[in-house]
Amino acid sequence: MDAFDDLFAANAEFARTFRGSDLTGRAARGLAVVTCMDSRIDPLGLLGLQPGDAKILRNAGARVTDDVLRTLVLAVYLLGVERVLVMPHTDCGMTKATDADVHQLTRDQGVDTRSLEFHMVPDQTEALVHDLTRITSSPFLPAGMPVVGAVYDVKTGRLIPLG
Ligand SMILES: [Zn+2]
């Protein structure tokens with residue numbers, strides 16, 4: 001547990017002044033954001049959101065995987081989501097290697113990852129268009145639901161809509 005002592009100590013302080021919450025699990029602003037796990041991204045902060053406002057789905061590269069689609073279906077039909085922002089970012093590690101590169105890197109460390117698909121991003125715009133299409137063409141999601149892609153610039157804080 002020592003490895004997590006800092007977190008439980010911080011939480012004790014957080015809870016000490018926590019005022020409770022009337023929020024439900026529904027997305028108050030009707031929004032889902034698909035973004036990367038990159039530690040430089042503060043999805044709520046950069047979008048002017050508060051806890052309770054949006055569903056935040058994160059993975060390596062902000063990819064619309066089968067699990068993201070599954071989660072969006074639940075978010076839309078059960079949790080109040082009516083619009084989706086897919087938000088990859090500049091300087092993403094996922095754009096700097098291929099799946100084959102990653103398999104080699106892990107293999108060099110004694111792990112065979114070839115049964116995993118990493119969904120690396122050789123071309124960020126192409127990947128974003130592909131991922132937006134996965135959402136807009138899904139038979140499980142409402143036709144015409146607003147879906148947008150935009151790239152977050154980790155150096156400037158600006159969000160740049162897909163051109
Ligand atoms: Zn990233």
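Both counts, for ligands and for their atoms, begin at 1 and track the order of listing.
- Of the inter-residue distances, the one linking Asp131 atom CG with His119 atom NE2 reads 9.0 Å to the nearest 0.5 angstrom.
- Few gaps surround OH on Tyr77; more than 12 heavy atoms of other groups in view lie less than 6.0 Å from it.
- From Cys92, atom SG reaches atom CE of Met37 across 8.0 Å, with rounding to the nearest 0.5 Å.
- Look at Asp112 and Arg114 and you find a salt bridge, because one of the NZ, NE, NH1 or NH2 atoms lies within 4.0 Å of a carboxylate O, short of that distance.
- With Met87 as the partner, the side-chain contact (heavy atoms from CB on, under 4.5 Å) test is satisfied by one option alone out of Leu128, Val148, Ile41, Val34: Ile41.
- Counting only protein atoms, the N, O or S atoms lying less than 2.8 Å from the Zn ion (ligand 1) are Cys36 SG, His89 NE2, Cys92 SG, ordered by chain and residue number.
- Taking the six-membered ring for Trp and the full ring otherwise, the centers of Phe14 and Phe18 sit less than 6.0 Å from each other.
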